[in-house]
Amino acid sequence: MKHTPTIRAELDRYIQQENLSLAQFGQIAGINRGSVSAIVTGNKTISVKQLDLITEAMGLPETYFYDLFIDNYIIDTPPNMRRIEPFLYRCAELDKLDAIRRVVGAIMDNLLYSLKLFEIAENLFEQGRHAAALLLYEGVAEAEKYQHSERLAVCQYRIFTIQIGDDQSRNIGIAAVFEAFVERLDEIDQLDALKDLANVYRSLRKWDKVDEIAKKMRDKASIQYNLNHKQNSREHTESTNKLSRPLFVYIAYADLLCANACEELGDYEQALHYTYAYSNLNWVRETDEDAQHWIGLFKHWSHANILAYRLLSGDVNVLHEYLNYMDESSDTIQEDRVTQLLNIMTAANRYKLDVNDILKRFETEIASFSQRPSSDDMYTQQVIPEYSAMCGYELAYYYLNHGMNCDGFNHLFCAMVKAHILNNETYFINCMGLFVRFKAHAVPETKTEFYNLIEKVWLNNVEKSGNADRCE
């Protein structure tokens, strides 16, 4: 049987090797002599704070004894959350994820620890330590997978939020897993969950799912809104305060999502129907500053989208009015500008419009599309990068068809890179097809850049599949 070394044995050996008294070592480490003696003799369990002080005093790297700490005080002894909790926080602070994974694996066979680990995960999530929190949420979710609990649903919501990233192929599976848990959440929490889920499906262009989830969100939000005002219940009002937006926003945003789905399916008449619905928010009872802010946003979005739908449906005479509106809202956020320029370029390519002057006017905004959105909101994280990739493709298509090959190929390569980051095969293949169509107009340097990009993407995919050795 293999003997597991102990921290106290290592400490005792060091003190003797350095010919130090317990008092002398305690002075170096900043720990009183009695505590050092109790640790060495095994009469006292060491805390993570003391462990860090001892490690530093011994001149060893930070976290040197963390694996031994898990062996000695978590695996080999009955788990004690008063000892484990500060250790987990310290591991999260130092990004010691392997240690967190070992602790979770060692104690999660006992459901009694689920609640405390969940609370720690929630705190880490609030602190922005998502990688550490994810391990705890996954541990709790695995332990409670047969429990029909709200805590399990919250864990799945957090896992969904943390794991959703650039890879759209992976996002499909993540969204599908979480969707099954939405109904287990608290009725209020379901609204933000449905909003986030709809935005992910929106970025994936799963318009049937967007429409389905948006209508579900509208129904649930309408019920809660009526309850809020009919009952005038303080308790109910307080429960809605934890929402990320005013309650009426979820109703209006559902109509916006349905309009977006109809637009993408080519049903502009129905898209306008939904848009007029969220443009008129006279039924909203709230009058505070936050409510007025959101009402103003929906009026802005509805005005812009009504013009966009008319333009995309073939009413090209509205382009001038659309541009005037863009000029009037020059302080609009980058996310709106991406959508507006995408609408213009889509219409320009669809109806063979000359928009050279428009492109010159917005060249600064177009150049900024390569910047990553900074918001944590699911719409900004997921939808805007996808719209930016689409806009890059439409720009490339326009420039190449108008003989402006240098600009065309530059936008094409940018769109290809974005499509690769998103792992969106459709966009990437469309970009490749566009290059093949105009390959004869590419100078040798451009062709070399294209082939280098294709090879880089290929090598990256091979590495992901674990077949990298075969390429050498």
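For the single chain, residues carry numbers from 1 onward in sequence order.
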Answer yes or no: is there a donor N or O on one side and an acceptor on the other, between the side chain of [X] and the main chain of [Y], under 3.5 Å?
X	Y	result
D52	I54	no
D166	K418	no
T63	Y66	no
S169	N423	yes
T55	L51	yes
D71	D76	no
Q50	S47	yes

task: Report the C-alpha separation of I39 and I7 in whole Å, then their side-chain angles, then the decisive distance to 0.1 Å, and conclude whether the side-chain contact (heavy atoms from CB on, under 4.5 Å) test is met.
output: CA-CA 9 Å; I39 291 169; I7 294 172; 5.9 Å; no
Give, for atom [atom1] of [X] and atom [atom2] of [Y], the distance between the pair rounded to the nearest 0.5 Å.
X	Y	atom1	atom2	value
D167	H420	CG	NE2	9.5 Å
M217	D255	CE	CG	9.0 Å
S222	Y250	OG	OH	13.5 Å
I223	R218	CD1	CZ	12.5 Å
E212	L197	CD	CG	9.5 Å
E150	L185	CD	CG	6.5 Å

Answer yes if the side chains of [X] and [Y] hold a donor-acceptor pair under 3.5 Å, and no otherwise.
X	Y	answer
N123	Y89	yes
D12	Q16	yes
N260	E263	yes
N305	S302	no
Q168	N424	yes
K299	S279	no

Run the salt-bridge test on [X] and [Y] with the 4.0 Å N-O cut-off and return the result as yes or no.
X	Y	result
K215	D211	yes
D219	K216	no
R202	E264	no
R205	E386	yes
E187	K220	no
K242	D186	yes

message: One pair to check against side chain to side chain donor-acceptor pair (under 3.5 Å): H229 and Q224. What are the steps and the verdict?
response: CA-CA 9 Å; H229 290 283; Q224 295 301 324; over 6 Å; no
Measuring centre to centre across the rings, with the benzene-like ring taken for any Trp, is [X] within less than 6.0 Å of [Y]?
X	Y	result
Y157	F181	no
Y73	F69	yes
F298	Y253	no
W283	Y225	yes

field: Parallel, tilted or perpendicular: rings of F178 and F160 (30°, 60°)
entry: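 Rings of F160 and F178: parallel, under 30°.
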- prompt: Does the cation-pi check pass for K209 over Y201, that is, NZ or CZ under 6.0 Å from the six-membered ring centre and within 45° of its axis?
  reply: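 Yes.
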message: If you apply the rule salt bridge (Lys or Arg N to Asp or Glu O under 4.0 Å), what do you find for R90 with E62, and how did you get there?
response: CA-CA 11 Å; R90 183 61 175 152; E62 200 169 28; 2.7 Å; yes
task: Could you check N452 against E449 for side chain to side chain donor-acceptor pair (under 3.5 Å), going step by step and ending with a plain yes or no?
output: CA-CA 5 Å; N452 286 341; E449 185 178 355; over 6 Å; no
Can you confirm whether [X] is buried at [atom1], in the sense that more than 12 heavy atoms of other residues, nucleotides or ligands lie under 6.0 Å from that atom?
X	atom1	result
N19	CG	no
E425	CD	no
E56	CD	no

Verdict with reasoning, K96 to D67, per salt bridge (Lys or Arg N to Asp or Glu O under 4.0 Å): CA-CA 10 Å; K96 189 76 172 170; D67 283 332; 5.0 Å; no
Restricting to non-hydrogen atoms, name the atom on [X] and the atom on [Y] that form the minimum distance, rounded to 0.1 Å.
X	Y	answer
A143	M108	CB-CE, 3.3 Å
A141	Q156	CB-NE2, 3.8 Å
A133	A121	CB-O, 3.6 Å
L257	A214	CB-CB, 3.8 Å
I213	A198	CG2-CB, 3.9 Å
I100	A132	CD1-CB, 3.7 Å

Within the 4.5 Å heavy-atom criterion, are [X] and [Y] side-chain neighbours or not?
X	Y	value
V36	Q27	no
I366	H411	yes
F118	E122	yes
Q292	E286	no
L265	Q270	no
L117	I107	yes
R83	T77	yes
F25	R33	no

Intermediate values then yes/no, side-chain contact (heavy atoms from CB on, under 4.5 Å), R337 and F362: CA-CA 9 Å; R337 191 64 85 214; F362 294 108; 4.2 Å; yes
message: Run V210 and W207 through side-chain contact (heavy atoms from CB on, under 4.5 Å) and show every step you take.
response: CA-CA 5 Å; V210 172; W207 300 114; 4.0 Å; yes
task: Apply side-chain contact (heavy atoms from CB on, under 4.5 Å) to K195 and D192, showing your working.
output: CA-CA 5 Å; K195 169 185 65 66; D192 271 322; 3.1 Å; yes
